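Numbers for residues simply follow the sequence, beginning at 1. Predicted model, so just to flag it, every value in this text is computed and none were measured.
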Amino acid sequence: MSTSPLPGDASNDPSDDQTGRFVVQPNGRVRPLSPHLQIWRWHVTMLASILNRFTGGALSVGSVLIGLWLMALAFGPEAYATFTGWMGSPLGLFVWFGLTVALCLHLTGGIRHLIWDAGRGLSPKAADALSWASIVGGVLIAVAFWAFLFSSGRVGL
């Protein structure tokens with residue numbers, strides 16, 4: 001593992017670097033290159049962050065479905081019956097299940113961030129544990145919700 005050269009240390013001058021670990025910026029400053037994905041070790045916190053961003057986008061797209069549902073309500077019983085027919089189909093239920101998973105993952109990811117914002121759970125082990133808890137907890141909450149819907153008879157194939 002290399003260390004950054006000290007100012008005035010001619011033996012470790014990054015401008016003479018032959019390894020490609022440093023780059024000269026347009027302003028003349030020499031800066032180290034960021035690690036690339038091929039050499040950066042994968043962490044569960046990275047997965048949790050990516051999932052949180054992805055689920056936020058999925059929920060934005062899912063809000064269009066809520067808008068369509070409200071439009072179907074506004075256009076009358078025939079439009080509403082058509083909408084519920086599509087969304088009650090196996091494909092529609094799969095979409096709603098996916099949106100539920102996205103909502104639960106985003107919720108648990110937000111709780112994880114609130115804990116971090118409070119200054120808790122920032123050590124690598126605790127951050128990994130919170131990340132796993134938010135991922136597993138979000139999926140379990142969504143599955144439990146849909147198991148309840150099916151077992152109560154509110155939703156059926």
Side-chain angles (χ1 to χ4, degrees), residues 1-75 79 83 86-87 89-149:
M1 187 163 121
S2 66
T3 59
S4 298
L6 297 173
D9 185 3
S11 66
N12 235 355
D13 186 12
S15 60
D16 294 336
D17 178 54
Q18 300 296 315
T19 64
R21 295 177 307 177
F22 296 93
V23 64
V24 178
Q25 294 181 327
N27 63 3
R29 291 185 178 173
V30 179
R31 297 282 190 212
L33 285 174
S34 294
H36 192 267
L37 288 176
Q38 293 171 340
I39 57 175
W40 192 260
R41 195 172 62 121
W42 189 260
H43 293 276
V44 69
T45 52
M46 294 166 66
L47 174 64
S49 175
I50 291 167
L51 278 175
N52 199 37
R53 293 165 196 262
F54 179 77
T55 57
L59 291 172
S60 297
V61 172
S63 66
V64 172
L65 287 176
I66 303 298
L68 290 174
W69 173 65
L70 291 172
M71 287 174 52
L73 276 172
F75 284 120
F83 180 82
W86 279 96
M87 289 296 112
S89 71
L91 179 62
L93 292 175
F94 181 72
V95 169
W96 287 121
F97 175 73
L99 285 173
T100 306
V101 171
L103 177 68
C104 293
L105 283 173
H106 203 70
L107 172 70
T108 56
I111 293 169
R112 175 177 49 95
H113 273 278
L114 282 174
I115 293 169
W116 285 348
D117 288 344
R120 307 277 186 204
L122 295 175
S123 71
K125 275 187 168 183
D128 286 351
L130 276 173
S131 296
W132 277 117
S134 71
I135 293 168
V136 172
V139 171
L140 286 177
I141 291 169
V143 168
F145 176 74
W146 278 86
F148 168 75
L149 288 179

Provide the closest heavy-atom pair for Ala72 versus Phe83 in the form atom of the first, atom of the second, distance. CB-CB, 3.7 Å
Non-neighbouring partners of [X] that pass side chain to side chain contact (heavy atoms under 4.5 Å, CB included), sequence neighbours left out:
X: Phe148; value: Ser152, Arg154
X: Asp117; value: none
X: Leu107; value: Ile111

Going by the side-chain hydrogen bond (donor to acceptor under 3.5 Å, both in side chains) test, which pairs reach into residues 89-102, not counting sequence neighbours? Thr100-Trp146
Does anything in residues 122-134 pair up under side-chain hydrogen bond (donor to acceptor under 3.5 Å, both in side chains), and if so which pairs, sequence neighbours excluded? Arg112-Ser134
When the side chains of residues 57-65 are checked against the rest of the protein, which donor-acceptor pairs come out under 3.5 Å, sequence neighbours left out?
unit_1 : atom_1 : unit_2 : atom_2 : d
Ser60  : OG     : Gly56  : O      : 3.1
Ser63  : OG     : Ser60  : O      : 2.5

With His113, which residues qualify under ring-ring contact (aromatic ring centres under 6.0 Å, His included), at least two apart? Trp116
With sequence neighbours excluded, tell me which residues meet side-chain hydrogen bond (donor to acceptor under 3.5 Å, both in side chains) with Thr108.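 Per chain and number, Thr108 pairs via side-chain hydrogen bond (donor to acceptor under 3.5 Å, both in side chains) with no residue.
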Any residue meeting side-chain hydrogen bond (donor to acceptor under 3.5 Å, both in side chains) with Arg31, in chain and number order, not counting sequence neighbours: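 Residues passing side-chain hydrogen bond (donor to acceptor under 3.5 Å, both in side chains) with Arg31: none at all.
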Is any side-chain heavy atom of Asn52 closer than 4.5 Å to a side-chain heavy atom of His106?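 They are in side-chain contact.
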Kindly indicate whether the side chain of Leu91, heavy atoms from C-beta on, has any atom under 4.5 Å from the side chain of Trp86.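 No, their side chains stay 4.5 Å or more apart.
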If you measure from [atom1] on [X] to [atom2] on [Y], what distance do you get to the nearest 0.5 Å?
X: Leu51; Y: Ile135; atom1: CG; atom2: CD1; result: 5.5 Å
X: Leu73; Y: Trp69; atom1: CG; atom2: CH2; result: 5.5 Å
X: Ile66; Y: Leu99; atom1: CD1; atom2: CG; result: 7.5 Å

